[in-house]
Amino acid sequence: MFEYEFMRNAFMACTIVGIVAGAVGYFLVLRGETFAGHALAHVGFPGATGAALLGLSPFVGFTVFTVLAGIGIGLLGERAHRDVAIGIVLTLSLGIGLLFLYFYKAYAGAVTNLLFGNVLGVSLGTVWILAGLGLLCLIGLGAIGRPLLFASLQPELAEAKGLSTARISALFMVIVALATAEAMQIVGVLLVFALMVAPAAAALRISHRVQQGLLMSIALAVAIAWIGLILAFYTDWPTSFWITALGALAYLAAGLWRRKAGISTP
């Protein structure tokens, strides 16, 4: 399996994206902002299709759109007041993306790769780009980690202590946007949610200790990506299918473990 260059590149890409998605996804689930994270992938869709229509890299278009959307979502305020606005922008973005696809005359495989990912087609150059973005995400997450955790667990107290939760939220959403752009290379626009949320949600079901849960989320995301890649190689089924299926299985298994351990599900 590792005698093929495309498999070596795929494993490196999956490792990088799994680490970033596991770390960022943990805080996303902890903060209860999975809908905002889900929206980012779809908001980036017109950016990717528009870039492809102009002959540019869809990855660049997707990244630019998701970063801008992340800043906007972070500045919209509390989740209860922004969900409607996010939903409207989400549907509008999908509509614009579909319009761009209507004018996009490239072969259908390019559209499929955009929507569902194609990790087996990742080049070594793309791996280096993913590594750079991943490092940027992890450095950013490390820089705001403590105030982000404080604002996530005790937002009222954080505000009372003078912490700018709006600024922290905006910075975090930019990090989520970059992580989403990375994950798009593996599972595509429509399935980003699975890789970023399922491992983190499973980890939170198993442990409420932040450090332990964070490490578990990263380990699960990487393991799911690796196993999905191996299964795809031997079955010739889509990698994205295996990743989403394994993510759902991990979440269900975590729920069964909680029940067996006698721990009430939050």
Side-chain angles (χ1 to χ4, degrees), residues 9-44 48 59 62-63 66-67 69-70 73 115-119 122 126-127 129-142 144-145 148 152 172-206 210-211 213-229 232 239-251 254:
N9 292 340
F11 268 98
M12 287 189 287
C14 282
T15 302
I16 294 167
V17 173
I19 292 172
V20 175
V24 175
Y26 180 82
F27 285 98
L28 194 67
V29 176
L30 183 67
R31 290 171 60 83
E33 295 181 330
T34 53
F35 177 62
H38 176 64
L40 281 176
H42 292 75
V43 169
F59 180 65
F62 186 93
T63 302
T66 51
V67 169
I73 290 174
L115 294 177
F116 300 103
N118 181 23
V119 66
V122 172
T126 301
V127 171
I129 294 174
L130 293 178
L133 281 178
L135 184 60
L136 184 62
C137 287
L138 294 177
I139 290 174
L141 195 60
I144 67 169
L148 177 64
S152 301
F172 176 62
M173 277 299 155
V174 171
I175 295 172
V176 173
L178 291 175
T180 301
E182 281 207 309
M184 186 269 287
Q185 291 288 309
I186 306 301
V187 289
V189 169
L190 299 181
L191 303 176
V192 165
F193 192 75
L195 189 58
M196 289 192 65
V197 173
L204 278 168
R205 276 189 155 191
I206 296 173
V210 175
Q211 185 175 6
L214 180 60
L215 293 176
M216 189 177 299
S217 176
I218 293 172
L220 279 173
V222 173
I224 287 171
W226 281 0
I227 297 172
L229 193 55
T239 309
S240 297
F241 160 74
W242 285 116
I243 289 176
T244 53
L246 290 169
L249 184 62
Y251 181 74

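The chain is numbered in sequence order, starting from 1.
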So do [Y] and [X] actually touch side chain to side chain, heavy atoms under 4.5 Å?
{"X": "L178", "Y": "V67", "result": "yes"}
{"X": "I227", "Y": "W242", "result": "no"}
{"X": "M173", "Y": "L40", "result": "yes"}
{"X": "M12", "Y": "L130", "result": "no"}

Nearest heavy-atom pair of [X] and [Y]: which atoms, and what distance?
{"X": "L30", "Y": "S152", "value": "CD2-CB, 4.4 Å"}
{"X": "M196", "Y": "V24", "value": "CE-CG1, 3.8 Å"}
{"X": "A194", "Y": "P199", "value": "O-CD, 3.5 Å"}
{"X": "C14", "Y": "L229", "value": "SG-CD2, 4.1 Å"}
{"X": "V20", "Y": "C137", "value": "CG1-CB, 3.9 Å"}
{"X": "A183", "Y": "V17", "value": "CA-CG1, 3.6 Å"}

Inter-residue atom distance [X].[atom1] - [Y].[atom2], 0.5 Å rounding:
{"X": "L148", "Y": "L141", "atom1": "CG", "atom2": "CG", "value": "6.5 Å"}
{"X": "L246", "Y": "F241", "atom1": "CG", "atom2": "CZ", "value": "8.5 Å"}
{"X": "T15", "Y": "I218", "atom1": "OG1", "atom2": "CD1", "value": "12.5 Å"}
{"X": "L214", "Y": "L204", "atom1": "CG", "atom2": "CG", "value": "9.5 Å"}
{"X": "M216", "Y": "Y26", "atom1": "CE", "atom2": "OH", "value": "9.5 Å"}
{"X": "T63", "Y": "L133", "atom1": "OG1", "atom2": "CG", "value": "6.0 Å"}

Atom CZ of F59 with >12 non-hydrogen neighbours under 6.0 angstrom: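 Enclosed: over 12 neighbouring heavy atoms sit under 6.0 Å from CZ of F59.
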Heavy-atom donor-acceptor pair, S217 side chain to G22 backbone, under 3.5 Å: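 Side chain of S217 to backbone of G22: a pair is present.
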